[in-house]
Amino acid sequence: FEARMKRALPGEQFTYVVEPKVDGLSVALLYEHGRLERGATRGDGRYGEDVTHNLMTVRSIPRHLHGPLATCTALEVRGEIFMWRQAFDKLNRGLEAEGEAPFANPRNAAAGSVRQKDPRITASRPLDIFIYGVSYAEPDPFKGHSQAMEQLLASGFLLDPKDRKRTLERYRRRCADIEGAIVVCREVEATRDEIGCDCDGVVVKVDAIEQQRRLGSTTHHPRWAIAYKFPARQATSIIRKIDINVGRTGALTPTALLDPVEIAGATISRATLHNADEIERLDVREGDTVLIERAGDVIPHILRVIQEKRPSHSTPFRFPTQCPICGAEAFRPEGEVVSRCTNSACLARLKESLLHFGVRRAMDIEHLGEAVVEQLVDRTLVREFADLYRLDVATLAELERLAQKSATNLYNATQGSKGRGLSRLLFALGIRYVGEHVAAILAQHYGSMDRLEQAPEAELSEIYGIGPRIAQSVALYFRQPENRRQIKQLR
Ligand SMILES: [Zn+2]
């Protein structure tokens, strides 16, 4: 790279900037007189959708630049919208708790959030931006790339001193020569897991804008920058079986069980397949050799099938039209990607529901783990939530691997969960779309289960923070005589 630079501009010295290449969605932000006027997605060097209103909700994108840059008549900033891995995990847990499909990876989550039709949804997503360029400035106040980035950060792209992005900005370094740049590249690669967001490589840029200008660009890339992609954390393995799990909301989720394979220090034996559409899109079949990728701490996903290695007798995977646990019909509503078991008494759903009922953020019943729930349901000791409270120590002590002492603990934990309050009970019931936050709003608004049970759908949807979809789901839930009977049992 340096040799090429030297050939292009003989006899000149170069200073470089090394930047992490954050894996997200590229956007361009146009500021006029310091005011954010337009924001668009960018892909393959072209402008994509206008997402101005959505980008305005991202906390670390200033609507107004402060400082000297506010005087530029026009300034176009390039950046990558991304999600911190921790925030991504939390978002996915929330989506799952509300019965929605989680995102495959932080990049998809960031892209999906920016492309939302409703800016309020974008606003609720934990998005951040990593800026990496100025494509246009009038008048142009910048001499160097690093100087431009510093000024932009100071004018609003970096928040308070506790902003986590400071850790990321530490990876952006100015180097006096190419050797220094190489050292920094290696350092970023070695510590990529500590960055806290997905980062698929580094970019080395010539710092001086004036040199950049003379170097120019090809039709695709600027000549003054070079990207170095980290070796991908991928491996191939064979799918032994495609397993279908049934979740609390009845959702049928497929998982690929793989021959164990080592990727970046972790042994991988399963990969997510998300839903029927994904299986169809990839055309994955049992027995296929597949390329899998592990990004961060996320469950690995399948990139593609290696067709040449497909066994000759292989047949396309047929997504079950029946629940693999209870045999009831699985239904996939028009326009949705998830099929669900239609049997509300499905034992798989019951087990998941009981587990959810007992989690810390719901009724907080310690010791109510998977092994216990499994036995309680299989031995027909529990068929609904209220049954949990009818169990006595003697019955619990008969369960396998549950000593007298643990049985007493579980009993006490269960009885002790009776006074958790309306909000947590609502969350624990596992009503579709009613996560912790929605449960709190409903509890606050109605104050009692009786009043909530009577609430008509139209009234529910009037409440601030309750959309029509939630209102419909809550009203539907309380219309079912079986649900009302079960709640009555809990009093
Ligand atoms: Zn079922």
**Asked** Step by step, would you call Ile239 with Val305 a side-chain contact (heavy atoms from CB on, under 4.5 Å)?
**Response** CA-CA 10 Å; Ile239 298 184; Val305 172; over 6 Å; no
**Request:** Begin with the C-alpha distance, continue with both residues' side-chain angles, and end with the deciding distance and a verdict on salt bridge (Lys or Arg N to Asp or Glu O under 4.0 Å) for Glu76 and Arg42.
**Result:** CA-CA 12 Å; Glu76 192 182 82; Arg42 273 191 65 92; 5.1 Å; no
**Asked** Which is it for Leu29 and Ile61 under the side-chain contact (heavy atoms from CB on, under 4.5 Å) test, yes or no, and what are the steps along the way?
**Response** CA-CA 9 Å; Leu29 306 166; Ile61 296 180; 3.9 Å; yes
**Request:** Report the C-alpha distance between His64 and Tyr31 in whole Å, list the side-chain angles of each, state the deciding distance to 0.1 Å, and finish with yes or no for ring-ring contact (aromatic ring centres under 6.0 Å, His included).
**Result:** CA-CA 8 Å; His64 297 274; Tyr31 286 89; 8.9 Å; no
**Prompt:** Going through the checks in order, is the side-chain contact (heavy atoms from CB on, under 4.5 Å) test met by Val58 and Val114?
**Reply:** CA-CA 9 Å; Val58 177; Val114 170; 5.8 Å; no
**Request:** I would like to know whether Leu25 and Arg115 meet side-chain contact (heavy atoms from CB on, under 4.5 Å); could you show each step before the answer?
**Result:** CA-CA 10 Å; Leu25 178 75; Arg115 294 200 169 113; 3.8 Å; yes
**Request:** Give the intermediate values and the outcome of salt bridge (Lys or Arg N to Asp or Glu O under 4.0 Å) for residues Arg107 and Asp198.
**Result:** CA-CA 8 Å; Arg107 190 203 321 117; Asp198 284 349; over 6 Å; no
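Shown here is Arg214, whose CZ atom has more than 12 heavy atoms of other residues, nucleotides or ligands within 6.0 Å. By the neighbour-count criterion of 12 heavy atoms within 6.0 Å, atom CD of Glu12 is densely surrounded, having more than that number from other residues, nucleotides or ligands. More than 12 heavy atoms of other residues, nucleotides or ligands shown are found within 6.0 angstrom of CZ on Arg332. Atom CD of Gln444 has 12 or fewer heavy atoms from other residues, nucleotides or ligands within 6.0 Å. Other residues, nucleotides and ligands place more than 12 heavy atoms under 6.0 Å from the CD atom of Glu32. In the displayed structure, Glu262 atom CD is contacted under 6.0 Å by more than 12 heavy atoms of other residues, nucleotides or ligands. By the 6.0 Å contact criterion, NE2 on His367 is enclosed, its count of non-hydrogen atoms from other residues, nucleotides or ligands being greater than 12. Within 6.0 Å of CD on Glu37 lie more than 12 heavy atoms contributed by other residues, nucleotides or ligands.
No side-chain donor-acceptor contact under 3.5 Å links Ser473 to the backbone of Arg469. Side chain of Glu80 to backbone of Phe130: no donor-acceptor contact under 3.5 angstrom is found. Checked by atom type and distance alone, the side chain of Arg38 never pairs as donor or acceptor with a backbone atom of Leu30 at under 3.5 Å. Glu436 contributes no side-chain N or O that, together with a main-chain N or O of Gly94, makes up a donor-acceptor pair within less than 3.5 Å. Within the 3.5 Å criterion, the main-chain N or O of Phe103 finds a donor-acceptor partner in the side chain of Asn92. Arg349 contributes a side-chain N or O that, together with a main-chain N or O of Cys341, makes up a donor-acceptor pair within less than 3.5 Å. Side chain of Arg78 to backbone of Ser135: no donor-acceptor contact under 3.5 angstrom is found. Between the side chain of Asp128 and the main chain of Trp84, no donor-acceptor pair closer than 3.5 Å is present. Side-chain atoms of Ser113 do not come within 3.5 Å of backbone N or O of Thr122 as any donor-acceptor pair. In this structure, the side chain of Asn275 does not engage the main chain of Val338 through any donor-acceptor pair within 3.5 Å.
Between Tyr16 and Val206 there is a side-chain heavy-atom pair separated by less than 4.5 Å. Contact of the Leu273 side chain with the Ile302 side chain is registered, since non-hydrogen atoms from C-beta on lie closer than 4.5 Å. Side chains of Arg424 and Asp364 form a contact here, defined as non-hydrogen atoms less than 4.5 Å apart. Val202 is not listed as a side-chain neighbour of Glu189, based on a closest heavy-atom distance of 4.5 Å or more. A 4.5 Å side-chain heavy-atom check between Phe319 and Glu280 finds every atom pair outside the cut-off. Side chains of Ile129 and Phe157 form a contact here, defined as non-hydrogen atoms less than 4.5 Å apart. Within the 4.5 Å cutoff, side-chain heavy atoms of Ile292 are placed close to those of Val261. Under the 4.5 Å side-chain criterion, counting only non-hydrogen atoms from C-beta, Arg310 is not in contact with Thr289.
Minimum interatomic distance between Arg285 and Thr315 (heavy atoms only, all atoms of both residues): CD-O, 3.4 Å. Contact record, Glu352 with Val246: CG-O, 3.5 Å, taken as the closest heavy-atom pair. Contact between Lys205 and Val203 at its shortest, heavy atoms only, is CE-CG1, 3.8 Å. Closest heavy-atom contact between Ser26 and Tyr132: OG-OH, 3.6 Å. The heavy-atom pair separating Pro254 from Ile242 by the smallest distance is CB-CG2, 4.1 Å. When all heavy atoms of Cys199 and Pro20 are compared, the pair lying nearest together is SG-CB, 3.7 Å.
Note: Cys197 SG to Leu168 CG = 5.0 Å, rounded to the nearest 0.5 Å. With rounding to the nearest 0.5 angstrom, the CD1 atom of Ile81 is 10.0 Å from the CG atom of Asn54. Rounded to the nearest 0.5 angstrom, Asp200 CG and Lys21 NZ are separated by 4.0 Å. For the atom pair OG (Ser60) and CG (Leu127), the distance works out to 8.5 Å, reported to the nearest 0.5 Å. Taken to the nearest 0.5 Å, the NZ atom of Lys351 stands 3.5 Å off from the CD atom of Glu374. To the nearest 0.5 angstrom, Leu75 atom CG is 10.0 Å from Gln151 atom CD.
The six-membered or imidazole ring of Phe427 lies away from that of His437, with a centre-to-centre distance of 6.0 Å or more.
With His145 as reference, Glu19 is the one residue of Gln212, Glu150, Arg172, Glu19 to meet the side-chain hydrogen bond (donor to acceptor under 3.5 Å, both in side chains) rule. Applying side-chain contact (heavy atoms from CB on, under 4.5 Å) to Pro126 and the options Met83, Gln86, Lys90 leaves one that passes, Met83.
Side-chain contact check for Glu278 and His301: no donor-acceptor pair (N or O, by modelled atom type) lies under 3.5 Å.
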